[in-house]
Novice: 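Below you'll find the structure I mean.
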Amino acid sequence: MKNPNFSRALKYYRKLNNLSVPEVSNFFRERGTTIAAKTIYGWESGQSQPSADCLMFLCELYHIENILETFGYQNTGSEPILLSPKEKSIVKGLREHPEYQSVILKLLDLEQN
């Protein structure tokens, strides 16, 4: 069974990293693997999925750190949240400064748990 999160996440992260499909194809070629742009479009449209090796390269290229979560394999009971690098930095900063959490929660009008 194909994972519908793959196509959405691959396209999202490619665009997040300001890469075109031909650029991604060229990165594969530079690594010694020929992957046609048509194949990458197929991955992003859900027509096919990359091999494990290609997926690992894409994750490296797209700066995807949590592969399981990104592609929806951690059962959280809800849709996975795709964070940009900037959003990840904000969350990390919030965790490193608990003294600011109440102010940020108030600013965002979120209930404090």
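Quick caveat, the model's predicted, so the values are computed rather than measured.
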Novice: Among Lys11, Arg8, Arg14, whose side chain to side chain donor-acceptor pair (under 3.5 Å) with Glu44 holds?
Specialist: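 Single side chain to side chain donor-acceptor pair (under 3.5 Å) partner of Glu44 among Lys11, Arg8, Arg14: Arg14.
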Novice: Give a yes or no on whether Val91 and Val103 share a hydrophobic cluster (residues Ile, Leu, Val, Met, Phe, Trp, Tyr; joining criterion: side-chain heavy atoms under 4.5 Å apart).
Specialist: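 Val91 and Val103: separate clusters.
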Novice: With ring pair (Phe, Tyr, Trp, His ring centres under 6.0 Å) as the test, pick out the partner of Phe6 among Phe71, Tyr12, Trp43.
Specialist: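 Running ring pair (Phe, Tyr, Trp, His ring centres under 6.0 Å) over Phe71, Tyr12, Trp43 with Phe6 returns exactly one hit, Phe71.
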Novice: Going through the distances and angles, do Leu61 and Phe28 end up as a side chain to side chain contact (heavy atoms under 4.5 Å, CB included)?
Specialist: CA-CA 10 Å; Leu61 181 64; Phe28 273 102; 5.7 Å; no
Novice: Say you draw a straight line from OG of Ser84 to CD1 of Ile90; how long is it, rounded to the nearest 0.5 Å?
Specialist: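 Ser84 OG to Ile90 CD1: 7.0 Å, rounded to 0.5 Å.
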Novice: Do the side chains of Glu60 and Arg31 get close enough for a salt bridge, i.e. N-O under 4.0 angstrom?
Specialist: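 Answer for the salt bridge query: yes.
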Novice: Does the side chain of Cys59 come within less than 4.5 Å of Tyr13's, by heavy atoms?
Specialist: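 A side-chain contact is absent here, since even the closest heavy-atom pair is not under 4.5 Å.
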Novice: Looking only at heavy atoms, which two atoms of Tyr62 and Asn17 are closest? And how far apart?
Specialist: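 Here Tyr62 and Asn17 meet closest at O-ND2, 3.0 Å.
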Novice: Give a yes or no on whether Lys88 atom NZ has more than 12 heavy-atom contacts from other residues, nucleotides or ligands under 6.0 Å away.
Specialist: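 Count over threshold, so yes.
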Novice: Is Leu55 reachable from Leu68 through a run of I, L, V, M, F, W or Y residues, each pair having side-chain heavy atoms under 4.5 Å apart?
Specialist: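 Per the 4.5 Å side-chain linkage, Leu68 and Leu55 are co-clustered.
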Novice: Distance check, rounded to the nearest 0.5 Å: Ser45 atom OG versus Lys38 atom NZ?
Specialist: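 If I round to the nearest 0.5 Å, the distance is 11.0 Å.
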Novice: Indicate yes or no: at least one non-hydrogen side-chain atom of Leu58 is less than 4.5 angstrom from one of Leu10.
Specialist: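 A side-chain contact exists here, since the closest heavy-atom pair is under 4.5 Å.
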Novice: Using a 3.5 Å distance criterion without hydrogens, assess whether the side chain of Thr33 forms a donor-acceptor pair with backbone atoms of Arg29.
Specialist: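 Not at all, since once roles are kept as given, no pair shorter than 3.5 Å links the two residues.
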Novice: Could you tell me whether Glu23 atom CD has more than 12 heavy atoms of other residues or ligands within 6.0 Å of it?
Specialist: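 Check passes, neighbour count above 12.
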Novice: Could you tell me whether the side chain of Val21 reaches within less than 4.5 Å of the side chain of Tyr41, counting heavy atoms only?
Specialist: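 Contact flag for Tyr41/Val21 side chains = yes.
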Novice: To the nearest 0.5 Å, tell me how far Leu16 CG sits from Lys86 NZ.
Specialist: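 Rounded to the nearest 0.5 Å, the CG-NZ separation comes out at 12.0 Å.
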Novice: For Ser25 and Ile35, indicate whether the former's side chain and the latter's backbone hold a donor-acceptor pair under 3.5 Å.
Specialist: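 Here the side-chain-to-backbone pair exists.
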Novice: Give, for atom CE of Met56 and atom CD1 of Ile67, the distance between the pair rounded to the nearest 0.5 Å.
Specialist: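 These two atoms lie 3.5 Å from each other.
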